[in-house]
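Have a look at the structure below, then the notes.
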There are 2 protein chains.
Amino acid sequence: MTLYTEKALSILKNSGLRITKPRRLVIELLAKTSRSLSAYEIKEALDQDGHKVDTVSIYRIIDCLYENHLIHRVLTTGKVMKCKLENEHECELNQSDHCHHFLICQQCGSVEEVHCPGIDSVVSAMEEASGYRINRHYLEFSGICPQCNLV
Amino acid sequence: MTLYTEKALSILKNSGLRITKPRRLVIELLAKTSRSLSAYEIKEALDQDGHKVDTVSIYRIIDCLYENHLIHRVLTTGKVMKCKLENEHECELNQSDHCHHFLICQQCGSVEEVHCPGIDSVVSAMEEASGYRINRHYLEFSGICPQCNLV
DNA sequence: TTCACTGCAAACCTTTTGCAATTCT
DNA sequence: AGAATTGCAAAAGGTTTGCAGTGAA
């Protein structure tokens with residue numbers, strides 16, 4: 001069982017939510033997938049493993065995971081992605097206002113969640129210059145990942 | 001006729017496209033709207049002005065305007081927004097790989113297209129650190145605009 | 001006049017809702 | 001046992017396609 005699976009299940013349990021078979025299946029799929037997935041892609045992947053889960057349930061499970069900060073919604077792709085787990089620190093999964101940035105490979109579709117050095121001061125400067133009270137920002141990079149660059 | 005309308009129409013014409021009534025109506029609506037709009041919102045707004053334009057046509061017009069770099073797609077809202085026109089410079093509308101950043105007010109929904117100082121070096125640093133060849137980035141800020149802050 | 005563009009009908013895909021049946025705890 | 005969750009059916013949205021008719025150049 002991966003760290004993600006383990007953590008995710010325990011967070012659900014601690015929130016008084018049930019560990020059902022469909023939920024576990026979706027979590028395990030997310031755990032082993034380094035791309036973002038749509039509801040339908042999740043359904044297809046589970047089907048191919050011989051697990052029939054209704055599309056409606058997928059949507060509800062996605063909502064549940066999102067509310068519990070176990071997945072991100074990637075704007076560029078319109079799909080969802082597991083939250084990154086730091087081995088060292090106590091997991092930041094359950095924090096809401098932490099900011100998340102993504103590197104998305106246009107070729108293989110892999111998504112990497114990254115910390116982006118320097119972005120905070122850019123946001124502050126923008127806040128200052130614009131007069132907006134900025135409470136959230138979305139930053140996503142599209143390109144070609146190192147692996148695909150080799151080919 | 002606003003600068004946006006004028007420029008947009010001339011760009012269409014120069015591309016060999018026709019200036020039809022529905023296209024002009026959509027362009028004029030975008031010109032006077034400082035929010036992002038969905039296809040359905042565009043249809044509703046036109047209807048209320050007494051102009052019946054089919055939803056299908058709205059979609060096709062949106063595609064056309066997007067291909068000609070006359071509108072942006074705002075990821076946070078999932079809607080479209082007119083491209084900003086600089087009075088001073090020769091218009092940058094028709095450039096494709098120019099990067100665009102948005103300030104979105106969570107209260108009134110207004111969207112402002114901004115240049116973001118400092119972001120280029122952040123992108124370069126990320127490119128360096130990650131090994132990705134980054135060719136595009138998306139940066140959107142959510143918050144409360146100066147006007148809404150006063151209330 | 002001609003061809004691009006629109007409108008209409010219908011299909012398609014995605015997401016949501018209500019309710020009865022299931023299954024975790 | 002009891003309550004949360006799932007599956008099913010159906011509806012509600014959003015978007016696309018094909019084709020005949022319209023209208024801009």
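Convention: sequence-line order gives letters A, B, ...; per-chain numbering from 1.
- Considering CG of A:L29 and CD of A:E44, their distance stands at 11.5 Å, rounded to 0.5 Å.
- The distance from atom CZ of B:R23 to atom C1' of D:dA25 is 13 Å, rounded to the nearest whole Å.
- For the pair B:Y59 and D:dT16, the criterion of a side-chain N or O lying under 4.0 Å from OP1 or OP2 is not met.
- Taking a cutoff of 4.0 Å between a charged side-chain nitrogen and a carboxylate oxygen, B:D49 and B:K43 do not qualify as a salt bridge.
- Atom pair A:I61:CD1 and D:dG7:C1' shows a separation of 11 Å (rounding to whole Å applied).
- The CD1-P distance, from A:I27 to D:dT5, rounds to 12 Å in whole Å.
- The NZ atom of B:K43 sits 15 Å away from the C1' atom of D:dT15 (whole-angstrom rounding).
- Of the N and O atoms on the side chains of B:N135 and A:Q106, at least one donor lies less than 3.5 Å from an acceptor on the other residue.
- In this structure, B:L25 atom CG and C:dC5 atom C1' are separated by 14 Å, rounded to whole Å.
- One atom, CG of A:L46, and another, C1' of D:dT6, lie 14 Å apart when rounded to the nearest Å.
- Atom NE2 of A:H101 is separated from atom NE2 of A:H137 by 3.0 Å, given to the nearest 0.5 angstrom.
- Rounded to an integer number of Å, the gap from B:I58 CD1 to C:dT6 P is 10 Å.
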Got a list of protein N/O to nucleotides 18-25 of chain C N/O distances below 3.5 Å?
residue : atom : partner : partner atom : Å
C:dC24  : O2   : A:R18   : NH1          : 2.9
C:dC24  : O2   : A:R18   : NH2          : 3.4
C:dT25  : OP1  : A:I19   : N            : 3.0

